[in-house]
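As structure tokens, the structure follows; a few thoughts come after it.
When a ligand or atom number is given, it counts from 1 through the structure's own listing order. From a predicted model like this one, the values you see are computed outputs, not experimental measurements.
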Amino acid sequence: MKEILFSGIRPTGGIHIGNYLGAISNWVRLQDKYESFFCIVDYHAITTPYDIKELRKLIKDMFISILACGIDLNKSTLFIQSKVSEHTELAWILSCITNYNWLTGMIQFKEKSSHNPENINTGLLSYPILQTADITLYKAKYVPVGEDQLQHIELARDIVRKFNYIYGDTLIEPKPIITESKRIMGLDAVNKMSKSLNNYIGITESSEEIFSKLKTAVTDTARVRKTDPGDPQKCNVYISFHKNFSTQEDLMNIEDGCKNAKIGCIDCKKILHKNMLNRLSPIREKYQEISKNKDIDDLIELGNKKAKEKAKNVLNEIKEKIGL
Ligand code: TYM
């Protein structure tokens, strides 16, 4: 019996390289070792403003992109959160044991509220309870995520402990799994890469799109002219991107070239561009190929069914325990 792994992503746009390096590449790696459930969390996506006409397309597109990254449906279950109603049922049950002030202190709640002051809805507040329901509904022990989700997983552990204390051992305390690239900074070098800040590179963007975005990426701000020596350790292009996409040999040459002003930032970005394409082009090609597959809706349906099967049993067990 394999241990269980669960993770999710919001369909608020395409997958960017922060999502990919911080989480999805790890999903792909771990799917061999664990019984894995990956979820497109559309209920979470509606906590912030979105385009009603676009959402269905974004969900399907996310499904295709995750397959293109290497999730294999023979090994993993990939499904849509809103199609498995047990998620919201369990979220309600868990909300009845979650202290209000555990939620108001969450960093993401504060951030998202400050970005959308006109729409501080209670869905945004109880967001981490639904996330806890996602994970516990499959009795997942491991959750591969980026650093920004660690506080939510910690809260999930608190909720599970409280549940088990009141009702007896039922739920599993989840543990996060993070990668070395747990926090990829955006092109602005100031904020975490994110869709909402528009400081990202999408994994299925074209070669031209990627290069035109790289051109705007902030480097070592102290390096004004090409003849000035730079410091790669102060350059986000080096730290967040080269380190993740370039070979050791390229990294050594760039360190030397930058420190000794032998290579300028544009040439450095050209090397990065080539290395990024080596890794991203196969994903883009696979994405285009899968997009033509007429059976995608059936594959989604199958994933939803598989997830529902497991979720139904666990929710029944939980209801039994709480006296319903
Ligand atoms: P979301 O959709 O914001 O991001 C999906 C995954 O990508 C990671 N990530 C990053 N990693 C490194 N650097 C970055 N710049 C970066 N940006 C995003 C995120 O940490 C995440 O792992 N609340 C979650 C979705 C969710 C979930 C769950 C996750 C709902 N239920 C249950 C795990 C388990 C979110 O908004 O992820």
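- Protein heavy atom nearest atom 23 (N) of ligand 1, with residue, atom name and distance: Tyr127 OH, 2.7 Å.
- Between His87 and Tyr43, the distance separating the two ring centers is not shorter than 6.0 angstrom.
- Close approach of ligand 1 to Ala23 (heavy-atom distance below 4.0 Å) involves ligand atoms 6 (C), 7 (O), 22 (O).
- Nearest protein neighbour of atom 31 (N) of ligand 1, counting heavy atoms only, is Asp134 OD2, 2.7 Å.
- Not close to ligand 1: Tyr200, with no non-hydrogen atom less than 4.0 angstrom away.
- When only interatomic distances are considered, the shortest N/O to N/O separation between Met193 and ligand 1 falls below 3.5 Å.
- Between Glu301 and Lys305, no side-chain nitrogen of the basic residue sits less than 4.0 Å from a carboxylate oxygen of the acidic one, so the salt-bridge criterion is not met.
- Of the charged side-chain nitrogens involved, at least one lies within less than 4.0 Å of a carboxylate oxygen, so that Glu317 and Lys139 count as a salt-bridged pair.
- With respect to Glu35 and Lys75, no salt bridge is recorded, no charged nitrogen being found less than 4.0 Å from a carboxylate O.
- Note on ligand 1: Ser181 sits in its first shell, one or more heavy atoms being nearer than 4.0 Å.
- With respect to atom 3 (O) of ligand 1, the closest heavy atom belonging to the protein is Arg10 NH2, 2.8 Å.
- In terms of N/O distances under 3.5 Å, ligand 1 is not approached by Lys112.
- Heavy atoms of Ser194 stay at 4.0 angstrom or farther from ligand 1.
- No side-chain N or O of Gln31 forms a donor-acceptor pair with one of Asp72 less than 3.5 Å apart.
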Residue pair Glu309, Lys312: steps toward the salt bridge (charged side-chain N to carboxylate O under 4.0 Å, His left out) verdict:
CA-CA 5 Å; Glu309 207 47 49; Lys312 209 170 56 187; 3.8 Å; yes
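- Note on ligand 1: Gln108 sits outside its first shell, no heavy atom being nearer than 4.0 Å.
- Between Lys321 and Thr170, the shortest heavy-atom contact is NZ-OG1, 3.1 Å.
- The aromatic rings of Phe37 and Phe79 stand perpendicular to each other, their planes meeting at an angle above 60°, with 30° marking the opposite boundary.
- When hydrogens are left out, the protein atom nearest atom 34 (C) of ligand 1 is Val143 CG1, 3.6 Å; that is the closest non-hydrogen contact.
- Ligand-side atoms of ligand 1 in range of His44: 30 (C), 31 (N), range being under 4.0 angstrom from any heavy atom.
- Between Tyr142 and Tyr34, the ring centre distance stays below 6.0 Å.
- Closest protein heavy atom to atom 37 (O) of ligand 1: Gln149 NE2, 4.0 Å.
- For the pair Gln131 and ligand 1, the shortest N or O to N or O distance falls below 3.5 Å.
- Across Ile17, Ile135, Asn199, Asn19, heavy-atom proximity to atom 4 (O) of ligand 1 is greatest for Asn19.
- Here is the list of ligand 1 atoms found below 4.0 Å of a heavy atom in Gly22: 11 (N), 12 (C).
- Smallest separation of non-hydrogen atoms from Val41 and Gly8: CG1-CA, 4.4 Å.
- Screening Thr216, Val190, Asp188 against Asn199 for a side chain to side chain contact (heavy atoms under 4.5 Å, CB included) leaves a single residue, Asp188.
- Against a heavy-atom cut-off of under 4.0 Å, His16 is close to the following atoms of ligand 1: 17 (N).
- Looking from atom 25 (C) of ligand 1 to the surrounding protein, the closest heavy atom is Gly8 O, 3.7 Å.
- For Ile9, heavy-atom contacts with ligand 1 shorter than 4.0 Å involve the backbone as well as the side chain.
- Of the charged side-chain nitrogens involved, none lies within less than 4.0 Å of a carboxylate oxygen, so that Lys182 and Asp148 do not count as a salt-bridged pair.
- Where the criterion is an N or O separation shorter than 3.5 Å, residue side chain and backbone included, Gly18 meets it with respect to ligand 1.
- Under the 30°/60° scheme for interplanar angles, the aromatic rings of Phe6 and Tyr138 are found to lie parallel.
- Two residues are said to be in side-chain contact when any heavy atoms from C-beta on lie closer than 4.5 Å; Ser95 and Ser126 fail this criterion.
- Protein heavy atom in closest approach to atom 12 (C) of ligand 1: Lys182 O, 3.2 Å.
- Of the N or O atoms in Ser7, none lie within a sub-3.5 Å distance of an N or O in ligand 1.
- Taking only nitrogen or oxygen atoms, main chain and side chain alike, Gly146 reaches within less than 3.5 Å of ligand 1.
- Counting only non-hydrogen atoms, the option in Ile184, Asp148, Val145 that gets closest to atom 20 (O) of ligand 1 is Asp148.
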